[in-house]
Amino acid sequence: MTMYNQTTDERVDKALANSFLRQATRRATDRLRNNKYKAADELGNWEEWRAAGEAIRKNVISNLDYYLNQLIEQMEKRGVHVHLAKTPADAVTVVRNIVREHNAKNVLKSKSMISEEIHLNHALEEDGVEVVETDLGEYIIQIASEPPSHIIVPAMHKTRQQVADLFEPIAGHALSSDTPTLTRFVRTQMREKFLRGDIGITGCNFAVASTGSIVMVTNEGNGRMVSTLPRVQITLMGMERIVPSFRELDILLNLLARSATGQRLSSYTTILTPPKNTADPDGPEEYHLVILDHNRSEILGDKLFRSSLNCIRCGACFNVCPVYRQLGGHAYGSVYSGPIGSVITPLLEKDWKKWGHLPYFSSLCGACSEACPVRIPLHDLLVKLRMRKTQSGHTPQVERQIFKAYRYFFTREKTLRRALRLGARLQWPFVRNQRITGGPPPLSNWTNSRTLPMVAPKPFMQLWADLKNKR
Amino acid sequence: MSNTSDFISNLASKLGRPTPTEPPPQVELSVPQYRLSNTEERVSIFMQNWQALGGKGAIVRSADETLQCLKAWFGEQPITWFKENSQALLAWDTLPTIAESAFSSLNWPLTRYSQSAFDPRDRYSIAANAELGITGSDWGISLSGTVVVKSDPLRGRAISLLPPRHLSFIESTQIQDNLFNVLEEVAALGSPPAAIEMISGPSRTSDIEMDLSIGVHGPIEVYVIVIDH
């Protein structure tokens, strides 16, 4: 994955230079956002649904131990193999072992963000296993060796011609780039793969604790294929994906479909209560559920950020974000993109050095919090993350020096006045049209792309004093 | 790998209390739900929404009306299909009586999926090569134009998935206002079947330049016949 090796600045520069990417991102997010507005308006009482969604998610998260235990009991009672993975490496090992035990060569995958989070494909491919992403968007980016650029539309950054170019070596002949031709090609390709798949790996939108059921939504039907045809199925779930019972599922499925794509329900909503009945003519005989922690328990124990676990992964925050709507998700580097990705990535990965930049990619306008169907205060969490990063000492040396200097001057009135007078005199070589447009480092980091207001010839403190004297 | 009790205890300690032994209190849910007044209205709205999603639909009251409807939709196509593939029409072991007699009168033989082959992979091939998969539906949802199908040893999940066309029969009284009502019925089952499929229109994707495309994996054409006694 070359993308992960680039710096954020390199990725942003690359994205800025890609006019199709910018146009496609805008088109996709506009469409998804507007569809969502329509679907939300149609309910007529969207705020009540949001409040109910928030209440359900809060209840689940604050009783996660109880519900998770109930889910595990229900699953194990029916013979499901439940695996609890503390780390991504644990989860990868579980899956690798299952695949090895069955001597499986063909693994089919439907969409799973957890598999992206734990970088599963790479590990299985190292074992000589053919892993096929069956969601069309995921299939495209798998061939291109890229991570998803949007949680709902993972290949939104690709032009149809780029897609055709990626498919042609597999087809062995030229392909027209019209959508029906490309879709037909994938249908034919995938059919053969579906019919010979040894193991199916799926994600999980919700897990119903009271019955031990897994709920998956897809529009293409690939989730159904992967959970119906292979003899062995593995479902990967983040440990917070729980819903207490079918009673609450109604609210969350409505919120998810409407917020993600503006549909009343996705084309296929599948409720699996595995494994199959022995006499059923299809469905997996052997079923494994892998439940991943990966620092979610740390987030659970951190009251400031616990609400980030309420997310239902709809992508609505991405579609309204003035930052992510410009360049898409790749530019910022994380698997989970959009404002929720900027919140959870530093917490899941516990790596400020690598991911500490993410909370700063926000204008803090609050559009994400308003769009969130379960009312996560995302912009507030982004501010708190900045605070947490600062407290943990991971801010750049320059930033620390600037704030030290700020404290020094602003706690010494006379020194500050002298510095302002000096600044007002020294600034002239850098002033154009009443703005500071250049300067020595570190000032140049700012002025390379923006300007600064001039130091006022008469500082506010002086103006205030003059005003008082006039009275 | 963690064992369950360690994993759960860790969560309890993060939450700062022992794991509750009683179920946590349920959240009050008071969202106003979509309601319709009678079956006729439910059928009518269901049909509108099903068709808006790209499905074809009809309401029938007898085997003869069903037969007419099938002829109107498929014409002589099945005869052509049978020349290539005698298992072109793949169905549940038992369909509603009206459907069984319509297919029988048309002399369109149905292959029963569960009995079509011994090996599951052979059954999948038969389903993938079939032209039309025929099922019943346990419930419908008016608001979203959805049919809901439970799995069962005499049914088969691949019938509504692998063939390029899917036809489903549903009793008009089984159509519910909204998803909540269907999930109440599911909850009342106590122990749900291995799979419940909620199907709202054909297989669709907008993954290439947000351009809508039908039938990337699942059925390309979907049909529903509402049986109104």
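Computed from a prediction, not measured in an experiment: that's the story for all the values here.
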**Item:** chain A interface, residue from B/Arg155, B/Glu184, B/Gln26 that has the most non-hydrogen pairs under 4.5 Å
**Value:** B/Gln26
**Fill in**
In this structure, OG of B/Ser116 is separated from CD1 of B/Ile126 (nearest 0.5 Å) by 4.0 Å
**Item:** Atom group of B/Gln115 that falls short of 4.5 Å from chain A, counting heavy atoms
**Value:** neither
**Prompt:** Would A/Arg264 and A/Glu42 pass as an ion pair if we require N to O under 4.0 Å?
**Reply:** yes
**Option in B/Gly190, B/Ser203, B/Ser125, B/Ser160 with maximal non-hydrogen atom pairs under 4.5 Å from chain A** = B/Ser203
**Asked** Quick one: what part of B/Tyr113 sits under 4.5 Å from any heavy atom of chain A, side chain, backbone, both or neither?
**Response** side chain
**Fill in**
Counting heavy-atom pairs under 4.5 Å with chain A, the top scorer among B/Pro32, B/Ser144, B/Pro20 is B/Pro32
**Request:** Could you verify whether a donor N or O on one side chain and an acceptor N or O on the other, from A/Gln161 and A/Thr159, lie under 3.5 Å apart?
**Result:** no
**Under 4.5 Å from any heavy atom of chain B - which part of A/Leu43** = neither
**Prompt:** Side chain, backbone, both or neither: which part of A/Val153 has a heavy atom under 4.5 Å from chain B?
**Reply:** both
**Request:** Examine whether an atom of A/Met225 lies under 4.5 Å from a heavy atom of chain B, and if so say whether it belongs to the side chain, the backbone or both; otherwise answer neither.
**Result:** both
**Fill in**
The interface call for A/Phe20 against chain B, heavy-atom contacts under 4.5 Å, is side chain
**Prompt:** Taking 4.0 angstrom as the limit, do B/Glu221 and B/Lys56 come out as a salt bridge?
**Reply:** no
**Which atoms of A/Ala28 approach chain B - backbone, side chain, both or neither, heavy atom under 4.5 Å** = both
**Request:** Show your reasoning for whether side chain to side chain donor-acceptor pair (under 3.5 Å) applies to B/Asp177 and B/Gln33.
**Result:** CA-CA 9 Å; B/Asp177 294 340; B/Gln33 287 281 4; over 6 Å; no
**Request:** Using only heavy-atom distances, determine whether the side chains of A/Glu220 and B/Thr205 contain a donor-acceptor pair under 3.5 Å.
**Result:** yes
**Request:** May I have the step-by-step check of side chain to side chain donor-acceptor pair (under 3.5 Å) for B/His217 and A/Thr134, ending in yes or no?
**Result:** CA-CA 9 Å; B/His217 295 305; A/Thr134 60; 5.2 Å; no
**Request:** Look at B/Arg17 together with A/Asp65 and state whether they make a salt bridge at an N to O cut-off of under 4.0 Å.
**Result:** yes
**Prompt:** Would you call A/Lys58 and A/Glu54 a salt bridge, taking side-chain N to carboxylate O under 4.0 Å as the test?
**Reply:** yes
**Message:** Is A/Thr270 in contact with chain B via its backbone, its side chain, both, or neither, using a 4.5 Å heavy-atom distance?
**Reply:** both
**Prompt:** Who wins among B/Ile214, B/Ile199, B/Asp207 for the most heavy-atom pairs under 4.5 Å with chain A?
**Reply:** B/Asp207
**Message:** Does the plane of the ring in B/Phe169 sit parallel, tilted or perpendicular to the ring in B/Phe103? Use 30° and 60° as the thresholds.
**Reply:** perpendicular
**Fill in**
Listed by number, the residues in residues 177-187 of chain A that come under 4.5 Å of chain B (heavy atom to heavy atom) are A/Thr179, A/Leu182, A/Thr183, A/Val186, A/Arg187
**Reported CZ-to-OG1 distance for the pair B/Arg157 and A/Thr228, which is rounded to 0.5 angstrom** = 4.5 Å
**Asked** Which bit of B/Arg123 is near chain A, if near means a heavy-atom gap under 4.5 Å: side chain, backbone, both or neither?
**Response** side chain
**Fill in**
chain A shares the most heavy-atom pairs under 4.5 Å, among B/Glu209, B/Arg121, B/Met210, with B/Glu209
**Request:** Check each atom of B/Tyr124 against the heavy atoms of chain A and say whether the ones under 4.5 Å are side chain, backbone, both or neither.
**Result:** both
**Complete:** So, the part of B/Ser9 with a heavy atom under 4.5 Å from chain A: the answer is neither
**Complete:** Looking only at B/Ser5, B/Ala12, B/Pro120, the option with the highest number of non-hydrogen pairs under 4.5 Å against chain A is B/Ala12
**Fill in**
Bottom line for B/Pro219: the part with an atom under 4.5 Å from chain A's heavy atoms is both
**Prompt:** So with a 6.0 Å cut-off around CD of B/Glu28, is the heavy-atom count from everything else above 12?
**Reply:** no
**Asked** Given a strict heavy-atom distance threshold of 4.5 Å, which part of B/Asp152 is in contact with chain A: side chain, backbone, both, or neither?
**Response** backbone
**Request:** Identify which part of B/Pro193 has an atom lying under 4.5 Å from any heavy atom of chain A, answering side chain, backbone, both or neither.
**Result:** backbone
**Prompt:** Relative to chain A, which segment of B/Arg204 carries a heavy atom at a distance below 4.5 Å: side chain, backbone, both, or neither?
**Reply:** both
**Message:** Just so I understand: if I count every heavy-atom pair under 4.5 Å between each of A/Leu272, A/Leu64, A/Leu136, A/Ile299 and chain B, which residue has the most?
**Reply:** A/Leu136
**Item:** Value rounded to 0.5 Å, distance of CG in A/Asn69 from CZ in B/Phe7
**Value:** 11.0 Å
**Asked** Quick one: what part of B/Ser30 sits under 4.5 Å from any heavy atom of chain A, side chain, backbone, both or neither?
**Response** backbone
**Asked** Non-hydrogen atoms of chain A under 4.5 Å away: do they reach the side chain of B/Ser206, the backbone, both or neither?
**Response** backbone
**Prompt:** With the threshold set at 4.0 Å, does a side-chain nitrogen-carboxylate oxygen contact exist between A/Lys86 and A/Asp293?
**Reply:** yes
**Asked** Any salt bridge between A/Arg31 and B/Asp211, counting N to O under 4.0 Å?
**Response** no
**Item:** Shortest non-hydrogen contact between A/Leu292 and A/Ala91, atoms and distance
**Value:** CD1-CB, 4.1 Å
**Heavy-atom proximity to chain A below 4.5 Å, by part of B/Thr146** = side chain
**Prompt:** Between A/Arg191 and chain B, which part of the residue has a heavy atom less than 4.5 Å away: side chain, backbone, both or neither?
**Reply:** side chain
